[in-house]
Amino acid sequence: MEPVIILHHHEIVLKGGNRKHFEQVLLRNLREVAAADGTRCSLSGGYGKFVLSPLSGGVEEPLIDRLRKVFGLANVCPGVRVPQELESISAAAVDSLSGQEFRTIRVETRRVDRRFPMKSMDVSAAVGAVLCGKFGVRANLSKPDVTVSIEIVDGVAYVYSRRLRAAGGLPSGVSGRLVGLLSAGFDSPVACWRMMKRGCNVAMVHFHSMPYTARRSVDQVRDIARVLTTYQYRTKLFIVPFAPLQNEIVLATDPSLRIILYRRMMMRIAEKIAHMVNAEGLVTGEAVGQVASQTLRNIRIIDSAATLPVLRPLSGTDKEEIIATARTIGTHDISSEPYDDCCSFLAPRKPETWADAGPVTGAEEKLDIPSMVGAAVASMEMEKFVFPGSPGADRGAGTGGRGVHAPSEHA
Ligand code: ATP
Ligand code: MG
């Protein structure tokens, strides 16, 4: 009986011609996650699942938790590999349930390897009978307390009773790159994560108003980037000083338009970065109607400063849904610390909620936009975050090893 983890693929099984590529990317990501955990293991399989076998020792819970966060997996099932013999399979099934409380069971068998002589139904019935006898429980096929799964494949059998839901989505990296506009608030980290879940790598850009705002706000954004790196393994974070540009806007334009003008500048700068990192579009965290700058009209005016598509995965969500996701992905506590937002610095008392293109264009004519964008890009810094265990990651330093964070490094 050897410990294994069965990793069922999510949507990638549907992807026809691309399937092979998707599986390769998923495999690479799984290797990084296992390596980060310090687990030496082999990964085999394909066609809908991988099987992780530790090369020494058993299967630890922290590794299981990490695997559940890997995009592209539907389920993570810790179990065992046994020879294709009914006795070994039954013994493994008994073993998988020991220590659990239950009154009803179901046994599910999938026989892919037709060389095994018994039919799936017969295996389930035989193993079910053994379990009922051993534990004094009954079979219940519709609503059992526990389900034992048996997969008969490739000359061996896998047996498990824990089927843990994983993150779903597409393997990180298969969908290309985006640039996410990241603040320390709740919304933009969730928006970036949502696009990561669709297989995108999200490079991030943060605008700060230091020295008018606190250094801690930038550190909060770094902390968020570290958490998000646990989902995509490599993150570039661009940190852009925004105060000089805000000063120019404040001096030259009507206060009510400030927020919109700030946002349009952010779009232009993010787009420049997108071209530098070969990104196909931008991501922001707006939800329609959430605050004044997020009316449909303002979103339209803000968007028109960019030529790349601006994806807003939260546009149709409520704050509660966003906060619930922030909790599950691990950014909630960082975002709930108070922080200085660059846009509350020099924010107008009455911001425009339904802007017209005319006045906005008029205001921008008073600004030398190319040189403002150029100066911002010239003064920005890039930091790289690498998942611990990835090639190039400095494992352990400052993070207590197994934690979520790799130290950042200046490029
Ligand atoms: P969040 O919770 O993400 O801060 P928000 O509800 O505060 O969003 P706004 O302040 O209107 O919304 O910002 C809208 C979007 O603009 C944000 O979701 C984010 O994508 C981007 N954004 C805002 N401020 C910054 C910043 N300082 N740096 C980078 N992007 C920003
Ligand atoms: Mg905000």
Side-chain angles (χ1 to χ4, degrees), residues 178-195 202-210 212-222 224-225 227-228 236-243 245-246 249 258-274 281-303 305-306 308 310-327 329 331-332 334-348 351-353 355 376 380-381 383:
L178 293 168
V179 168
L181 285 80
L182 184 70
S183 74
F186 287 108
D187 304 336
S188 42
V190 172
C192 291
W193 178 83
R194 287 226 176 200
M195 297 321 300
V202 182
M204 295 160 200
V205 51
H206 176 65
F207 301 91
H208 69 80
S209 309
M210 271 165 40
Y212 305 109
T213 56
R215 174 173 299 276
R216 175 66 201 138
S217 303
V218 182
D219 286 337
Q220 273 168 270
V221 171
R222 288 190 176 99
I224 289 169
V227 170
L228 292 176
K236 285 182 177 162
L237 171 65
F238 294 85
I239 298 181
V240 184
F242 205 52
L245 203 140
Q246 287 177 291
I249 291 175
R258 270 178 206 166
I259 302 279
I260 288 173
L261 297 174
Y262 294 165
R263 289 271 187 274
R264 283 170 59 88
M265 293 308 290
M266 285 185 187
M267 290 294 167
R268 294 185 180 103
I269 296 164
E271 185 155 288
K272 280 260 188 269
I273 295 170
L282 309 178
V283 192
T284 66
E286 285 122 341
V288 170
Q290 197 191 79
V291 294
S293 59
Q294 300 176 9
T295 60
L296 283 180
R297 171 62 67 80
N298 284 5
I299 287 175
R300 173 180 161 196
I301 303 263
I302 290 164
D303 250 30
L308 287 174
V310 182
L311 305 186
R312 294 186 166 85
L314 307 184
S315 59
T317 56
D318 296 343
K319 198 76 186 182
E320 294 92 85
E321 298 169 68
I322 297 168
I323 289 185
T325 309
R327 272 188 220 283
I329 69 175
T331 55
H332 174 274
I334 307 168
S335 295
S336 54
E337 282 178 43
Y339 68 95
D340 290 334
D341 184 28
C342 73
C343 292
S344 46
F345 161 65
L346 300 180
E352 179 59 80
T353 55
M380 75 189 178
E381 283 181 38
E383 298 181 8

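Hydrogens, waters and symmetry mates are skipped; everything else that's a heavy atom, side chains included, is used. All ligand and atom numbering here is 1-based and tracks the order in the structure.
- Residues I329 and V227 fail the side-chain proximity criterion, which asks for heavy atoms closer than 4.5 Å.
- When each atom of ligand 1 is checked for a heavy atom of S183 under 4.0 Å away, the hits are 1 (P), 3 (O), 4 (O), 24 (N), 25 (C).
- Taking a cut-off of under 4.0 Å to the non-hydrogen atoms of F186, the atoms of ligand 1 that pass are 2 (O).
- No option in M266, R264, E271 other than R264 meets the side chain to side chain contact (heavy atoms under 4.5 Å, CB included) test with R268.
- Ring geometry, H332 versus F186: the interplanar angle falls from 30° to 60°, so the pair is classed tilted.
- Every N/O-N/O distance between K319 and ligand 1 stays at or above 3.5 Å.
- Distances from atom 3 (O) of ligand 1 to the heavy atoms of A191, G185, A287, S188 show the closest one on S188.
- Within ligand 1, the atoms closer than 4.0 Å to a non-hydrogen atom of T284 are 20 (O), numbered from 1 in the order shown.
- Atoms of ligand 1 lying under 4.0 Å from at least one heavy atom of E286, given by number and element, are 14 (C), 18 (O).
- Ligand-side atoms of ligand 1 in range of V205: 29 (C), range being under 4.0 angstrom from any heavy atom.
- Every side-chain contact (heavy atoms from CB on, under 4.5 Å) that A355 has, sequence neighbours left out, goes to I260, N298, I301, E352, V360.
- Taking any N or O of F207, backbone or side chain, at least one lies under 3.5 Å from an N or O belonging to ligand 1.
- With respect to R300 and D303, no salt bridge is recorded, no charged nitrogen being found less than 4.0 Å from a carboxylate O.
- In the vicinity of R263, heavy-atom distances shorter than 4.0 Å reach the ligand 1 atoms 9 (P), 10 (O), 11 (O), 13 (O), 14 (C), 16 (O), 23 (C), 24 (N).
- T353 and T295 share no side-chain donor-acceptor pair at under 3.5 Å.
- With sequence neighbours excluded, the residues satisfying side-chain hydrogen bond (donor to acceptor under 3.5 Å, both in side chains) with T284 are E286, R312.
- Residue contacts with ligand 1: G285 is placed with a nitrogen or oxygen under 3.5 Å of a nitrogen or oxygen of the ligand (distance criterion only).
- Residue contacts with ligand 1, taken as heavy atom pairs separated by less than 4.0 Å, involve M266 solely via side-chain atoms from C-beta onward.
- Going from atom CG of L314 over to atom CH2 of W193 covers 10.5 Å, rounded to the nearest 0.5 Å.
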